[in-house]
Amino acid sequence: MRLGAAISVLAAVPAAAQNRSGDNAVTQAEDAFGVSIGRETLGIYSSSNARGFSPSAAGNVRVEGLYFDPVYLLTSILAESASVKVGLSAQSYPFAAPSGIVDFSLRRPGDKAGQSFLFDSDSFGSYGLELDGSLPVSQTLGIGYGVNFGRSEYPDGTDGQHLSGAVYARWGPSDDIELVPFWTASKSYNDEAGPYYIPAGDYLPPQPEQRRFDGPGWADTRYVAGNHGLIARYVPTENWEVRAGAFRSVYDAQAGYTNLLLDVTPEGDADRLIIADPRAKQESVSGELRVTRLIADGPRLHTIHLSLRGRRSSGDYGGSDEVDLGPTRIGVPVIADKPDFTFGEVSTDKVRQLNYGVSYEGRWKGVGELGFGISKADYRKRTLYPATAPIVAQSHPWIYNATAAGYLTAKLALYAGYARGLEESGVAPPNATNRNQPLPAILTSQRDAGLRYYLTERVKLVAGVFDLRRPYFGYDASGRYARIGTTRNQGIEMSVSGALTRRLNMVAGGVFLKPRVIEDATAATAIGKRPVGLPDHFINFNLNWRTPIAEGLSFDLAGVHRGKTPATTDNALYVPPRLTVNLGARYLFKLDGKDALFRVQIVNLFDEQGFSIAGPGIYAANAGRYLSGYFAIDF
């Protein structure tokens with residue numbers, strides 16, 4: 001095998017066929033740091049939260065290792081899996097990012113014609129239908145597709161409908177060339193705006209009744225979104241590889257509403273404010289060109305990457321109108337006609353960013369690894385406000401990282417790393433005076449170290465410590481969401497994963513945080529020592545047991561414990577700890593000679609509800625207990 005082909009993120013061999021019946025995150029996960037496989041997700045981190053920050057909001061998303069700037073994330077009808085890379089698992093990525101990396105792996109058309117059908121439902125009343133398939137055209141060309149339609153019934157009583165589709169292909173005329181184009185589109189409509197609760201004091205709102213929506217029913221959000229692009233790989237000679245990815249991501253919010261219950265009292269009285277947004281569109285074109293050179297030196301392999309990555313994005317915000325529907329009470333239906341909203345002019349942010357750099361990876365078999373990378377960023381943001389001159393912000397920092405790992409024994413490896421990055425910081429929350437406004441790009445840094453140890457041949461322990469630093473955002477005296485300090489997240493993370501026995505698999509992990517805020521001298525509001533929304537710990541535990549009772553029958557148990565979490569900027573209120581337990585079963589069997597799966601799960605077995613934090617001092621109700629399930633068949 002050529003060395004160039006050996007280092008590819010995915011092999012050039014197509015999948016055997018479409019197969020949705022075999023999805024099982026517990027048996028397929030490499031660690032407990034965060035993975036999604038089909039419809040199943042587990043781990044202590046996700047695309048929106050890794051070590052206390054959001055990798056996707058920070059701009060640290062990859063498609064098979066290549067830079068991707070999405071305004072709408074890939075769905076499971078195109079993405080076979082998504083995993084969060086931190087610590088040791090992130091060291092294999094050139095130009096490591098401080099806030100972690102979310103890497104999507106795309107589906108490939110099967111080398112044989114085949115389809116998968118899936119039907120899902122839950123006790124709230126949701127349902128969905130999905131069809132995936134492969135159509136081989138020739139020995140070198142295959143086409144895959146997926147379509148999904150359904151109706152979602154949410155815990156807060158709202159509902160909505162969705163439709164999505166994907167078409168993708170793989171052309172591999174030789175082992176040295178692979179082209180993978182794809183196109184996806186998603187539409188959501190009649191999706192009612194659920195309530196956010198903002199108490200009048202330092203207390204949580206009263207718990208609303210599950211599946212009871214107060215309205216108004218006319219506040220329906222609608223959007224159309226999609227992603228399309230091309231991934232290419234070319235191996236011109238044995239020791240060279242060229243990889244490229246070009247992507248376009250679009251999110252068109254055709255109608256948007258925010259449903260706020262203000263000054264909520266302990267008894268449930270409140271004032272209802274509906275904010276309506278004009279049509280707003282976000283779009284990003286991004287990609288990366290990477291040239292890789294491999295140099296074999298006995299047991300040592302040297303890899304040099306030259307990379308050019310960039311993006312050009314734009315996003316609209318502002319121009320909203322609002323209507324005060326007056327005093328209300330949680331649980332009392334809204335009786336109000338839809339007003340004629342008058343929208344103002346929108347503002348637009350236009351971002352252009354180009355990064356070019358070089359990265360080195362050295363691997364010495366049985367000894368260890370060493371890597372470093374350096375790149376220059378050319379960042380420019382142009383903000384267009386109505387009736388004012390454009391505001392231009394520019395930054396041209398050097399970004400760099402260094403990593404090392406040593407194999408002390410066949411079972412034990414130690415690692416350490418440092419990374420400095422230029423990252424995005426998300427958007428202002430829905431109750432800020434600058435709601436939905438993109439926040440400025442920021443410089444962040446990360447230090448981490450840890451170990452990997454094989455407890456047995458099939459059970460792996462990964463444990464580490466980290467220290468992340470980045471600017472902290474909160475409300476100023478005028479209610480604007482802006483920088484008010486610097487946050488430092490120190491923590492310990494760990495993962496244990498693998499087969500405990502021939503029939504029992506476990507994936508368990510936890511992160512224990514010590515986040516601290518350093519207040520800016522210009523801050524105009526009281527700031528607590530802990531940042532909003534970060535718990536002091538998060539633990540995730542998963543078991544999957546294949547029973548000897550019946551072939552194909554297995555049971556699974558999942559538990560998530562989230563520690564107490566600061567809910568307000570001044571730390572006057574904390575959301576209490578929350579433990580949720582899920583109990584499930586799956587049965588893999590043959591139906592008319594075809595692989596089929598029946599999956600059922602009781603989610604939140606003990607009906608732990610409470611609230612999640614949607615921003616400083618703003619809350620959304622958590623889901624209680626419900627039953628979900630799906631049936632899949634491959635044919």
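Throughout, residue positions are numbered sequentially from 1 according to the sequence presented.
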Under a 4.0 Å N-O cut-off, is there an ion pair linking [X] with [Y]?
{"X": "Arg108", "Y": "Glu64", "value": "yes"}
{"X": "Arg151", "Y": "Asp159", "value": "yes"}
{"X": "Arg599", "Y": "Asp556", "value": "yes"}
{"X": "Lys590", "Y": "Glu551", "value": "no"}

So, taking the atom named [atom1] in [X] and the one named [atom2] in [Y], what distance separates them when rounded to the nearest 0.5 Å?
{"X": "Asp132", "Y": "Asp634", "atom1": "CG", "atom2": "CG", "value": "9.5 Å"}
{"X": "Glu80", "Y": "Leu106", "atom1": "CD", "atom2": "CG", "value": "9.0 Å"}
{"X": "Asn604", "Y": "Leu579", "atom1": "CG", "atom2": "CG", "value": "9.0 Å"}
{"X": "Ser164", "Y": "Asn148", "atom1": "OG", "atom2": "CG", "value": "4.5 Å"}
{"X": "Ser83", "Y": "Phe104", "atom1": "OG", "atom2": "CZ", "value": "9.5 Å"}
{"X": "Tyr454", "Y": "Lys460", "atom1": "OH", "atom2": "NZ", "value": "5.0 Å"}

Can you list everything that forms a side-chain contact (heavy atoms from CB on, under 4.5 Å) with [X]? Sequence neighbours excluded, please.
{"X": "Met494", "answer": "Ala463, Ile492"}
{"X": "Thr41", "answer": "Ser36"}
{"X": "Pro206", "answer": "Val264, Ile330"}

Can you find a side-chain donor-acceptor pair between [X] and [Y] that sits under 3.5 Å?
{"X": "Arg469", "Y": "Gln446", "value": "no"}
{"X": "Asp448", "Y": "Tyr415", "value": "no"}
{"X": "Asn544", "Y": "Asn542", "value": "no"}
{"X": "His162", "Y": "Asp191", "value": "no"}
{"X": "Asn60", "Y": "Glu423", "value": "yes"}

Side chain [X], main chain [Y], donor-acceptor under 3.5 Å:
{"X": "Ser495", "Y": "Ala32", "answer": "yes"}
{"X": "Arg51", "Y": "Pro98", "answer": "no"}
{"X": "Ser123", "Y": "Leu627", "answer": "yes"}
{"X": "Arg530", "Y": "Asn571", "answer": "no"}
{"X": "Gln210", "Y": "Asn622", "answer": "yes"}
{"X": "Arg546", "Y": "Phe555", "answer": "no"}
{"X": "Arg211", "Y": "Tyr154", "answer": "yes"}
{"X": "Ser497", "Y": "Glu30", "answer": "yes"}
{"X": "Ser46", "Y": "Ile44", "answer": "no"}
{"X": "Glu493", "Y": "Val511", "answer": "no"}

Does the ring centre of Phe124 sit less than 6.0 Å away from the ring centre of Tyr626?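 Centroid separation for Tyr626 and Phe124: below 6.0 Å.
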
With sequence neighbours left out, write down each residue that passes salt bridge (charged side-chain N to carboxylate O under 4.0 Å, His left out) with Arg578, or none if nothing qualifies.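 Applying salt bridge (charged side-chain N to carboxylate O under 4.0 Å, His left out) to Arg578 gives none.
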
Considering residues at least two apart in sequence or located in another chain, which fulfil the salt bridge (charged side-chain N to carboxylate O under 4.0 Å, His left out) criterion with Arg516? none

May I ask you to establish whether Lys594 and Phe635 are in a cation-pi arrangement, using a distance under 6.0 Å from NZ or CZ to the six-membered ring centre and at most 45° from the ring axis? no

Take Arg488 and Asp467 through the test salt bridge (Lys or Arg N to Asp or Glu O under 4.0 Å) and record every step on the way to the result. CA-CA 7 Å; Arg488 180 179 182 181; Asp467 184 333; 2.7 Å; yes

Where is the tightest heavy-atom contact between [X] and [Y], given as atom of each residue plus distance?
{"X": "Asp536", "Y": "Gly563", "result": "OD1-CA, 3.3 Å"}
{"X": "Ala596", "Y": "Leu591", "result": "CB-CB, 4.1 Å"}
{"X": "Ser47", "Y": "Pro55", "result": "O-CD, 3.3 Å"}

Among all residues two or more places apart in sequence or in another chain, which pass the side-chain hydrogen bond (donor to acceptor under 3.5 Å, both in side chains) test with [X]?
{"X": "Glu361", "result": "His305"}
{"X": "Asn401", "result": "none"}
{"X": "Ser54", "result": "Ser56"}
{"X": "Asn227", "result": "Ser249"}

Does CD in Gln161 sit with more than 12 non-hydrogen atoms of other residues, nucleotides or ligands closer than 6.0 Å?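 Check passes, neighbour count above 12.
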
For the pair Phe598 and Arg586, evaluate side chain to side chain contact (heavy atoms under 4.5 Å, CB included) and give the outcome as yes or no after the intermediate values. CA-CA 6 Å; Phe598 177 68; Arg586 70 183 74 227; over 6 Å; no

Per-pair distances, 0.1 Å, donor-acceptor, side chain in residues 607-618, under 3.5 Å, sequence neighbours excluded:
residue	atom	partner	partner atom	Å
Asp607	OD1	Gln609	NE2	3.3
Asp607	OD1	Arg625	N	2.8
Asp607	OD2	Gln609	NE2	3.4
Ser612	OG	Ala620	O	3.3

Any ring pair (Phe, Tyr, Trp, His ring centres under 6.0 Å) involving residues 35-90? Give me the pairs, sequence neighbours left out, ordered by first then second residue.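 Only Phe68-Phe247, Tyr72-Tyr223 qualify under ring pair (Phe, Tyr, Trp, His ring centres under 6.0 Å).
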
Flag side-chain contact, heavy atom, 4.5 Å: [X] against [Y]:
{"X": "Val517", "Y": "Lys529", "result": "no"}
{"X": "Pro195", "Y": "Asp156", "result": "yes"}
{"X": "Leu534", "Y": "Asn489", "result": "yes"}

Quick one, Leu605 with Asn582, criterion side chain to side chain contact (heavy atoms under 4.5 Å, CB included). Give me CA distance, side-chain angles, the key distance, then yes/no. CA-CA 6 Å; Leu605 178 64; Asn582 304 333; over 6 Å; no

Extract all donor-acceptor atom pairs below 3.5 Å that involve side chains of residues 406-414 and protein atoms in other chains or at least two apart in sequence.
residue	atom	partner	partner atom	Å
Tyr407	OH	Glu369	OE2	2.5
Thr409	OG1	Lys411	N	3.1
Thr409	OG1	Leu412	N	3.0

